[in-house]
Amino acid sequence: MPAPMTMNPPASNSAPQGVPGAERMRRIRNIGIMAHIDAGKTTTTERMLYYSGRVHRIGEVDEGSATMDWMDQERERGITITSAATTCAWRDSMINIIDTPGHVDFTVEVERSLRVLDGAGGVFCGVAGGQPQSETVWRQARRYKVPGLAYVNKMDRRGADFAAAVASIRDRLKINAVPVQLPVGAEDRFEGAVDLVAMEGVTFQTDDLGAAPVRGEIPAGLRAEAEAARHHLVEAVAELDETLFETYLENSDVGADALRAAIRRATVKGALVPVLCGTSLRNKGVQPLLDAVVDYLPSPLEVPPVRGFHPRTEAEETRAADESAPLCALAFKVAVDTFLGKMTFVRVYSGALKKGVAVFNPRTGKRERPLRIVRLHANQREEADTIRCGDIGALVGLKEATTGDTLCAEGHPVALERMEFPEPVISMAIEPRSTADRDRLAEVLDLLQQEDPTFRVTLNEETGQTIVSGMGELHLEILKDRMLREFKVQANAGRPMVAYHETVTETARARHVFDREFGGKKQFADIEVEVAPLARGEGNRVGIAVSPEVLPKAFRAAVTDGLRDGLATGALGHFPMMDVRVTVTGASAHPAESTDVAFRSAAVLALREALAQAGPVLLEPIMALDVVTPEACLGDVLGDLNSRRGQVKNMKARGDEQEIDADVPLAELFGYATRLRSLSKGRAACTLTPSTFHPVPETEANQILSR
């Protein structure tokens with residue numbers, strides 16, 4: 001990411017040195033730390049780096065000294081904005097860690113990180129348990145079949161309840177969460193944990209920042225509870241693992257090594273989520289978490305081969321983790337650094353990437369040569385000559401690679417599945433403050449689009465305004481701040497606006513014959529298209545259902561491009577269409593007069609006519625709103641939600657507070673956090689997550705379209 005970069009010599013723990021390929025990969029763990037905002041992800045990561053010897057002092061989020069939160073905006077706000085990658089060593093293993101944001105505005109950082117990770121560590125609050133964004137990130141992990149473990153943090157907080165937190169995680173996230181630890185004490189009396197696998201007590205000393213955990217006897221008062229919990233753990237794992245089941249039938253007193261191995265097998269399969277506990281801020285519980293990462297999460301050799309297709313034949317291709325195989329790597333992130341230039345973050349699935357050796361990009365059909373290779377430690381870079389199978393690193397010097405591109409050997413091409421990203425929900429107009437800033441603003445906006453697939457830049461043809469769109473107010477605010485600080489571009493921005501879309505509710509057909517003369521040359525094309533609605537969230541689909549004899553291959557690309565352009569402008573208020581299927585059902589061409597331009601134009605005009613006949617409606621983004629409010633303020637909060645067209649889905653008591661789950665149109669939520677603080681005298685809190693798009697009520701739609 002853009003910032004002054006420190007170039008360091010290779011770290012001693014960057015990889016197991018002198019180890020054969022398979023054994024080296026067996027010692028690698030590629031993990032992400034993910035959670036709801038303010039659950040303690042970065043605080044936990046900082047302790048993992050400290051106890052592993054990667055850093056020599058503990059950085060604190062509240063003090064703005066966290067290693068992983070290195071951006072000015074992160075340190076000022078005390079939140080994680082960009083995924084930061086680092087590497088540490090623990091028990092002869094190399095752990096590549098990506099610390100992901102918890103704020104929903106930066107969900108793209110979680111999405112593209114999980115795409116390339118082998119395992120995940122979910123951090124949960126000991127008081128709140130499973131929260132809305134926890135649910136979102138775990139759903140993303142399931143989409144990519146990433147196994148994980150859970151760490152219940154903040155066990156020192158007032159109201160912390162480990163059993164309730166585990167039940168909440170199990171219920172809300174719909175995962176098989178099973179404790180492998182029990183807490184010793186709670187709130188201000190939290191001392192450590194009982195290791196249910198080894199049946200030992202683990203406590204932490206305050207005079208050495210918890211650097212030397214003390215293992216010993218289980219406290220007498222917890223012995224019976226620990227034995228019952230271990231029995232439950234063994235039974236839960238035995239149901240999932242045949243080997244342990246046979247051992248259990250022979251002897252119910254299962255040994256620690258056999259149980260640990262079985263937990264690993266069940267976790268790698270995604271059938272089990274081991275749960276640990278601690279308080280990272282008080283330096284208690286992190287070393288057992290590191291042990292669990294090594295013991296339970298998979299190495300690159302234990303995950304299924306990645307799947308893709310041959311870019312020319314479209315036959316299915318797989319790439320297993322093999323250092324001697326042809327290169328296959330995925331570019332999962334692009335960052336623009338003001339000193340190094342464009343950096344492409346990659347995960348290597350097979351083979352090796354070497355500095356100065358060309359790689360092939362199937363999307364562009366071109367070869368590119370990485371000028372430098374670096375390993376990652378937040379905003380510090382360590383020079384490397386090679387990154388090998390199972391590694392995560394960054395390449396400097398690739399000009400055309402974008403997020404989701406595959407990099408491979410030209411003689412053995414493969415294209416991996418690309419990532420899908422959510423549609424922006426909020427927009428604002430932006431313009432340069434001076435003529436001198438005009439060209440620079442356009443350049444910077446293009447760079448930011450390359451970095452962030454959820455950031456879109458469009459030109460309003462009617463007003464001539466440049467419109468930027470993103471995932472929320474904070475998202476756009478951070479990007480605007482970066483333009484000024486990092487790229488020194490002065491710009492004025494309008495008020496944030498809702499990013500509306502359109503769709504159709506019926507099936508309709510239209511035909512357009514384009515028969516005109518330009519510059520003394522006849523242009524002819526004849527196209528018939530059918531439009532139909534798709535289920536919400538399926539996206540747009542464009543297809544051609546006629547033979548090459550009817551629509552020659554030479555014009556098919558022009559037709560497809562024209563239809564995609566037409567979907568970008570809509571039928572009612574020139575908003576983008578979504579969840580629409582467009583099919584070419586008829587066509588005719590003239591051997592001498594048909595051109596690409598004619599077919600592209602005919603496709604656009606036929607599409608517009610079909611959309612107008614297909615019952616177009618305006619769609620607005622709906623947000624999943626989670627509010628936690630004191631019981632005394634419940635009536636005022638519910639009344640306010642009702643006035644905002646909110647629909648309450650669920651309410652549940654949480655001690656002397658109430659948690660409200662509601663769906664509310666984004667258009668009604670500008671300034672909501674301030675209003676909520678006023679209603680509750682600062683005691684209520686809320687989180688927002690993009691949920692879906694719904695049709696706008698007719699009255700509101702007429703007002704929007706008449707603006």
Side-chain angles (χ1 to χ4, degrees), residues 1-11 14-15 17 30 70-71 82-87 94 96 98 112-113 115-116 311 319 323 325-416 418 440 443-444 446-453 482 486-487:
M1 293 295 294
M5 298 299 171
T6 305
M7 301 302 297
N8 293 334
S14 62
Q17 299 297 320
N30 291 315
W70 55 266
M71 293 176 67
T82 182
S83 295
T86 189
T87 301
M94 180 178 75
N96 293 316
I98 297 183
R112 57 187 175 188
S113 297
R115 174 67 174 82
V116 298
R319 291 290 187 272
E323 194 174 305
L327 170 67
C328 175
L330 183 71
F332 67 94
K333 179 174 177 176
V334 172
V336 181
D337 170 58
T338 50
F339 292 89
L340 293 180
K342 181 177 174 180
M343 293 194 305
T344 306
F345 291 52
V346 296
R347 158 72 191 268
V348 182
Y349 287 103
S350 66
L353 264 167
K354 299 180 181 179
K355 182 171 66 176
V357 176
V359 296
F360 179 68
N361 185 335
R363 181 184 63 83
T364 63
K366 297 179 181 178
R367 288 179 294 171
E368 291 197 79
R369 199 178 303 275
L371 304 179
R372 300 167 81 173
I373 295 178
V374 293
R375 295 186 182 276
L376 310 165
H377 179 52
N379 65 326
Q380 298 176 13
R381 311 299 183 213
E382 297 162 352
E383 292 277 5
D385 293 326
T386 305
I387 49 175
R388 296 180 283 175
C389 181
D391 288 343
I392 292 175
L395 311 180
V396 179
L398 302 188
K399 295 181 179 179
E400 298 193 33
T402 62
T403 299
D405 280 356
T406 304
L407 305 177
C408 60
E410 188 170 7
H412 298 83
V414 60
L416 301 180
R418 293 185 67 85
R440 181 61 176 155
E443 179 185 339
V444 169
D446 182 58
L447 291 174
L448 293 175
Q449 276 193 111
Q450 292 182 44
E451 280 194 2
D452 187 347
R482 288 185 56 199
E486 295 169 17
F487 299 102

Steps toward side chain to side chain contact (heavy atoms under 4.5 Å, CB included) verdict (Phe332, Ile98): CA-CA 12 Å; Phe332 67 94; Ile98 297 183; 4.2 Å; yes
Residues that Pro362 engages under side chain to side chain contact (heavy atoms under 4.5 Å, CB included), provided they are two or more places apart: Pro311, Phe360, Thr406, Cys408, Ala415
Within-4.5 Å side-chain heavy-atom neighbours: Arg112 and Val334: no
Closest non-hydrogen atom pair, Leu416 against Leu330: CD1-CB, 4.1 Å
Contacts of type salt bridge (charged side-chain N to carboxylate O under 4.0 Å, His left out), residue Lys366, not counting sequence neighbours: Glu400
Under the salt bridge (charged side-chain N to carboxylate O under 4.0 Å, His left out) test, residues paired with Arg363 that sit two or more places apart: Asp405
For Ala401 against Glu368, the heavy-atom pair lying closest together: N-OE2, 3.5 Å
Side-chain touch Asp391/Met94, heavy atoms, less than 4.5 angstrom: yes
Where Asn30 and Gly390 come nearest, the two heavy atoms and their spacing: ND2-O, 2.9 Å
Side-chain donor or acceptor of Arg372 paired with backbone N/O of Ala394 under 3.5 Å: no
Under the salt bridge (charged side-chain N to carboxylate O under 4.0 Å, His left out) test, residues paired with Asp385 that sit two or more places apart: Lys355
Side-chain donor/acceptor of Arg369 to backbone N/O of Gly356, under 3.5 Å: yes
Stepwise side chain to side chain contact (heavy atoms under 4.5 Å, CB included) test for Leu398 and Leu407: CA-CA 11 Å; Leu398 302 188; Leu407 305 177; 3.8 Å; yes
Heavy-atom donor-acceptor pair, Thr386 side chain to Lys354 backbone, under 3.5 Å: no
Leu371 and Val396, any side-chain heavy atoms less than 4.5 Å apart: no
Smallest separation among heavy atoms of Arg319 and Pro413, with atom names: NH2-O, 3.8 Å
Heavy-atom pair of closest approach, residues Ala329 and Leu353: CB-CD1, 4.2 Å
Distance (rounded to the nearest 0.5 Å) between Arg388 CZ and Glu323 CD: 4.5 Å
Spatial distance of atom OG1 (Thr344) from atom CD (Gln450) [nearest 0.5 Å]: 9.0 Å
Non-neighbouring partners of Glu443 that pass side-chain hydrogen bond (donor to acceptor under 3.5 Å, both in side chains), sequence neighbours left out: Arg440
Side chain to side chain contact (heavy atoms under 4.5 Å, CB included) partners for Leu448, two or more places apart: Val444, Glu451, Phe455, Leu479, Arg482, Met483, Phe487
Side chain to side chain, Glu383 and Val374, heavy atoms closer than 4.5 Å: yes
Main-chain N/O of Ala85 paired to Asn96 side chain as donor or acceptor, under 3.5 Å: no
